[in-house]
Peer 1: 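So that we are looking at the same thing, I have put the structure below in structure tokens.
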Amino acid sequence: MNSPWQIMTRGDWLVTVLLLGIALLGIGWLAATPPGSRVEATCGGQTCFVADLEQPQEVDLAGPLGMTHLVIDGQGARITASPCPLQICMTMGPARHTGDLLACVPNRILVSIEHAEDETPYDLLSR
């Protein structure tokens with residue numbers, strides 16, 4: 001019986017190498033994401049909580065199903081308790097890089113990690 005390595009064609013090898021390259025680029029891109037500096041939570045589409053990511057604290061965020069417990073510590077921001085049925089938001093782990101999201105969809109809560117230097121008071125200056 002032939003092993004898979006012996007029956008692979010040039011096209012198979014090309015696709016394999018291409019997919020491996022894309023995977024490595026994706027890992028490098030994720031590793032290069034700058035650490036965040038601010039936590040912003042929206043409840044039902046409105047901003048309900050903003051805090052510094054470096055300052056440890058715990059907060060309860062109110063949603064239509066009840067309170068979702070958010071913990072900010074040295075590992076990042078994470079959801080530790082939520083009234084949603086599947087509790088997927090609790091298994092997402094800590095968010096600490098710019099652009100990371102924690103979402104409790106049934107409770108309509110979205111926690112995002114921002115980078116404070118990305119925000120400027122205006123986007124164009126002219127005379």
Side-chain angles (χ1 to χ4, degrees):
M1 183 160 117
N2 291 337
S3 73
W5 303 111
Q6 293 173 340
I7 59 174
M8 286 180 67
T9 65
R10 286 186 182 155
D12 295 336
W13 282 106
L14 180 66
V15 169
T16 303
V17 169
L18 184 66
L19 289 176
L20 249 131
I22 290 172
L24 290 175
L25 285 174
I27 291 170
W29 177 71
L30 286 175
T33 305
S37 60
R38 188 177 70 156
V39 178
E40 183 176 320
T42 58
C43 306
Q46 298 179 349
T47 301
C48 61
F49 177 74
V50 177
D52 186 21
L53 188 60
E54 302 298 322
Q55 182 180 3
Q57 58 184 310
E58 297 183 17
V59 66
D60 287 323
L61 306 170
L65 299 179
M67 301 303 265
T68 296
H69 191 72
L70 177 70
V71 174
I72 303 169
D73 58 13
Q75 296 177 346
R78 65 184 189 280
I79 295 175
T80 58
S82 185
C84 54
L86 298 178
Q87 298 186 341
I88 295 171
C89 55
M90 293 172 51
T91 63
M92 291 181 167
R96 59 185 157 268
H97 295 286
T98 302
D100 284 354
L101 295 174
L102 300 172
C104 183
V105 176
N107 208 18
R108 295 185 182 168
I109 292 178
L110 180 68
V111 179
S112 62
I113 306 298
E114 308 287 331
H115 191 62
E117 284 78 8
D118 290 346
E119 298 179 1
T120 56
Y122 37 81
D123 52 351
L124 180 66
L125 189 64
S126 70
R127 289 184 164 210

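Remember, predicted model here, so these are calculated numbers, not experimental data.
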Peer 1: Can you tell me how far apart CG (L53) and CD (E40) are? Round to the nearest 0.5 Å.
Peer 2: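 That separation rounds to 13.0 Å.
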Peer 1: Test of understanding: clusters of I, L, V, M, F, W, Y form through side-chain heavy atoms closer than 4.5 Å, transitively. Do V111 and V59 belong to the same one?
Peer 2: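 Same cluster.
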Peer 1: From T91 OG1 over to I79 CD1, what is the distance, rounded to the nearest 0.5 angstrom?
Peer 2: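 Result: 10.0 Å between the selected atoms.
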Peer 1: Quick one: side-chain hydrogen bond (donor to acceptor under 3.5 Å, both in side chains) partners of E58, sequence neighbours excluded?
Peer 2: H69
Peer 1: For the residue pair V39 and I113, establish whether any side-chain heavy-atom pair is separated by less than 4.5 Å.
Peer 2: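 The answer is yes, as the side chains (C-beta and beyond) meet within the 4.5 Å cut-off.
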Peer 1: To the nearest 0.5 Å, what is the distance between OG on S37 and CD on E114?
Peer 2: 8.5 Å
Peer 1: What residue pairs, at least two apart or across chains, pass salt bridge (charged side-chain N to carboxylate O under 4.0 Å, His left out) with a residue in residues 7-20?
Peer 2: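 Residue pairs with at least one partner in residues 7-20: there are none.
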Peer 1: Can you list the residues that meet the side-chain contact (heavy atoms from CB on, under 4.5 Å) rule with A62, with sequence neighbours excluded?
Peer 2: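 A62 satisfies side-chain contact (heavy atoms from CB on, under 4.5 Å) with M67 once adjacent residues are dropped.
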Peer 1: Between Q57 and A51, what is the shortest heavy-atom contact and its length?
Peer 2: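 Of all heavy-atom pairs spanning Q57 and A51, the closest is NE2-CB, 3.2 Å.
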Peer 1: Just verifying a value: how many Å separate N107 CG and L61 CG, rounded to the nearest 0.5 Å?
Peer 2: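 Answer rounded to 0.5 Å: 9.0 Å.
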Peer 1: Nearest 0.5 Å please: distance from the CZ atom of R108 over to the CG atom of L65.
Peer 2: 8.5 Å
Peer 1: Give the cluster check for L70 versus M92: same hydrophobic cluster or not, with ILVMFWY residues linked at side-chain heavy-atom distances below 4.5 Å.
Peer 2: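 L70 and M92: one cluster.
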Peer 1: So, for L110 and L101, which heavy atoms are closest and what is the spacing to 0.1 Å?
Peer 2: CD1-CD2, 4.1 Å
Peer 1: If a pair satisfies salt bridge (charged side-chain N to carboxylate O under 4.0 Å, His left out) and one of its residues is in residues 70-90, list it, with sequence neighbours excluded.
Peer 2: D73-R78
Peer 1: P106 and side chain to side chain contact (heavy atoms under 4.5 Å, CB included): which partner among C84, P64, C89, S82?
Peer 2: C84
Peer 1: Can you run down the salt bridge (charged side-chain N to carboxylate O under 4.0 Å, His left out) pairs that involve residues 79-91, sequence neighbours left out, and say none if there aren't any?
Peer 2: none
Peer 1: Going from CG on L102 to CD1 on I109, what distance comes out if it is rounded to the nearest 0.5 angstrom?
Peer 2: 11.0 Å
Peer 1: If you define the side chain from C-beta out and look only at heavy atoms, does anything of Q55 sit under 4.5 Å from I72?
Peer 2: no
Peer 1: Quick one: salt bridge (Lys or Arg N to Asp or Glu O under 4.0 Å) partners of R96, sequence neighbours excluded?
Peer 2: none
